[in-house]
Structures are given as C-alpha cells and as structure tokens.
Participant: 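To start, I am sharing the structure in question, which I have written as structure tokens.
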Amino acid sequence: MKQGIHPDYHPVVFQDAATGKQFLTRSTATSTRTVEWPTPQGVQTLPLIVVDVTSDSHPFWTGSARHIDSAGQVEKFRRRYG
C-alpha cells in the first residue's frame, strides 16, 4: 500500500438511536462524542457514532416488516379493469 494516501481506519462504537444497542467495529468515520468501551487491554475511550437504523431496529431484521396483500391488489385491479 502507498503510504500517506489512505484514511485513518480505527475502532469506532456505533449506537442505534432507537434501541440504544452499541456495537464495536472499525471505520474511517470520526466523531467528537466518545464512549468508554471495555477491551481485553482495559477500558478504552472510543469515538461514538449514533445511527438511526441498525439490524437491531430495522423492520426486516426484527421481523416486524409489513407484507403487502398481493392477492387483494390483484382482485382490486380485476374489478377495476376486468
């Protein structure tokens, strides 16, 4: 890799705004907010990024997704244009 052209890739804590669940990952994103995160080397202060939707609150992953009644839509179409 070329030196000096890549952004800083570091540990970051993301937090779901709806549920409050936090998870640690690596990212180039930064934030002025910080959080104390326990690691095997001890507690570290890491950047905290709050996001609106994660797999913890997304309807598809939580099972609360709405399903469209396609059979009812077909019957409605046939009544209207049949």
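Numbering of residues begins at 1 and proceeds along the displayed sequence. Model, not experiment: these values are computed from the prediction.
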Participant: Would you list the atom pairs, donor with acceptor, under 3.5 Å between side chains in residues 41-53 and any protein atom, with sequence neighbours excluded?
Facilitator:
residue	atom	partner	partner atom	Å
Thr45	OG1	Glu36	OE1	3.4
Thr45	OG1	Glu36	OE2	2.8

Participant: Just to verify, what does Thr19 make a side-chain contact (heavy atoms from CB on, under 4.5 Å) with, not counting sequence neighbours?
Facilitator: Asp16, Lys21, Asp56, Ser57
Participant: Rounded to the nearest 0.5 Å, what's the gap from CZ on Arg80 to CD on Glu75? Could you check?
Facilitator: 13.0 Å
Participant: Looking only at heavy atoms, what is the nearest atom pair of Tyr9 and Arg26, with distance?
Facilitator: O-NH2, 2.9 Å
Participant: Quick check: does any side chain N or O of His10 sit under 3.5 Å from a backbone N or O of Thr30, one acting as donor and the other as acceptor?
Facilitator: no
Participant: In Å and rounded to the nearest 0.5 Å, what is the CH2 to CD distance from Trp37 to Gln22?
Facilitator: 5.5 Å
Participant: When rounded to the nearest 0.5 angstrom, what distance separates OG1 in Thr54 from CZ in Phe14?
Facilitator: 11.0 Å
